[in-house]
Amino acid sequence: MSPRKRHGVVCAVSMAVTFWALASAARADGRATDAYLEESRARWEQVARQIWDTPELGLAETRSAAVLIDALEKEGFQVTRGVGSEPTAFVATAGTGAPVVALLAEYDALPGLSQVAGQPKRQALAEGTPGHGCAHNLLGTASVAAAIAANRERVGKKLPGTIQLLGTPAEEIGIGKTFMIRDGAFKRTDVVFAWHPDDQNRVTNRTRLAATGVNVEFFGRSAHAAASPWLGRSALDALVLFDHAIALMREHILPTARLHRAIRDGGAAPNIIPDHAAGEYWLRDASGESVNEMLGRLKKAADGAALATETRAQVTLLFSLREPVPNDALNAVLQRELDRVGAPRFDDADQRFARAMQKELGFEQVGLATQVMPFTPKNGGTASSDIGEVSAAVPLAELNLATRPLGTSAHHWAQTTCAAHPLGYKGMAVAAKVLAASTVDALTDPGLIKAARAELLVQTKGKPYLSPLPPGAKPVAPR
Ligand SMILES: [Zn+2]
């Protein structure tokens with residue numbers, strides 16, 4: 001065994017020991033943060049509903065960000081509005097000095113997921129308009145409530161350090177946090193805690209996918225489609241050929257990979273040979289290396305389609321985010337606090353509502369998750385998040401709380417409707433309590449910050465964080 005291998009084994013063993021030591025060291029001092037969050041519960045439900053009522057897409061979340069900023073400023077947080085080229089990003093800070101413990105708030109909605117609140121059947125409030133189908137109204141609100149609760153304890157008990165609440169826009173288009181890291185928003189941050197709405201209660205770990213999104217455009221020559229088609233070179237032909245190449249490529253990629261797309265421009269009318277066509281393609285896999293390898297093949301397919309159709313191809317990077325870097329020192333804190341607070345206490349009405357929705361969707365009628373899942377090294381789903389990018393720059397841990405029925409998924413009207421229902425608010429309340437208590441724990445435990453940072457160094461092999469963004473890249477909403 002080489003010295004390097006031996007070192008790896010030692011680190012793995014000591015990390016496991018640290019995990020269980022931290023996880024079992026339950027703190028006896030009652031959580032003032034729980035009490036505050038319980039007292040102020042109605043206020044946070046109202047904030048979450050206000051954001052739900054005005055769903056805004058990535059980079060345009062002006063009103064949603066303003067609601068959260070207002071709550072933070074009323075509690076004495078200093079807020080910087082806008083980070084780099086993202087006007088709806090913000091950084092709220094309370095306290096001074098080390099350690100700097102951050103929570104993340106997302107608040108963007110998804111296109112086309114408008115839905116009547118609290119109804120277990122598909123019914124748009126306004127057809128074709130955005131909706132909170134990923135429940136980021138709950139996500140942002142719980143994180144802000146947690147930051148405020150932890151700050152009240154910091155002030156009351158004269159605790160050391162700084163609490164940051166980072167308002168991270170445009171998660172759904174994969175860009176908010178990656179640009180914020182590049183633009184320096186995380187440079188003072190020691191550790192990050194985060195959460196995401198889900199159908200389970202667990203510390204999520206390791207299973208999110210790396211992802212890269214590109215805009216693929218073809219430029220041809222326009223002509224009358226009947227009078228003189230021989231004069232034209234169709235950009236749409238190139239896009240169709242390219243899309244077929246990607247479809248064939250699906251047989252020759254790893255089983256863990258995912259390729260998907262939306263056609264953005266397929267021409268204006270059948271009787272005009274289109275000189276422009278565009279599609280947005282997303283590549284995902286368990287590792288960033290695999291995604292980069294597929295990106296190289298995608299570029300070849302674009303050039304090949306252009307060659308065959310005498311058009312020109314252009315591939316532009318929209319976003320790139322890696323798979324999360326796990327941090328068991330921080331995971332142990334979240335697991336301990338989640339076990340202490342317990343799963344959301346859903347009542348009969350919540351369970352009935354959940355089963356009605358499962359019936360409507362043709363799923364097994366098993367209701368809502370009522371248990372906290374035990375910690376395992378791989379725990380979570382196969383979505384992606386720019387949280388992965390943060391975890392490569394700063395130690396980070398994330399948890400999930402049940403805010404929708406078992407078996408239902410995000411990016412669906414089912415989550416939109418639950419994000420403005422008592423069952424969604426119950427998941428949000430547990431998330432806030434876990435995050436607030438974990439923040440206080442991190443402020444008062446210098447050993448935890450050291451362990452988390454040491455673990456990140458091991459995981460990243462000591463290499464400094466490098467942004468995947470090309471020089472001068474600006475955040476663009478792909479619409
Ligand atoms: Zn989400």
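Counting convention: from 1, in listed order, for ligands and their atoms alike. Everything numeric here is computed off the predicted structure, so don't read it as measured data.
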Rounded to the nearest 0.5 Å, how far does CG of Asp190 lie from CD of Gln164?
-> 9.0 Å
Please report how many protein N/O/S atoms lie under 2.8 Å from the Zn ion (ligand 1).
-> 3
In terms of side-chain geometry, is the basic nitrogen of Glu217 or Arg264 positioned less than 4.0 Å from the acidic oxygen of its partner?
-> no
Thinking salt bridges, do Arg49 and Glu45 make one under a 4.0 Å N-O criterion?
-> no
Indicate whether any N or O donor in one side chain lies under 3.5 Å from an N or O acceptor in the other, for Tyr465 and Glu389.
-> yes
Mind jotting down which residue pairs meet the ring-ring contact (aromatic ring centres under 6.0 Å, His included) criterion with at least one end in residues 42-80? Sequence neighbours excluded, please.
-> none
Should Ser384 and Arg284 be marked as a side chain to side chain donor-acceptor pair (under 3.5 Å) after you check the CA-CA gap, both sets of side-chain angles, and the distance that decides it?
-> CA-CA 8 Å; Ser384 310; Arg284 306 197 210 210; 3.0 Å; yes
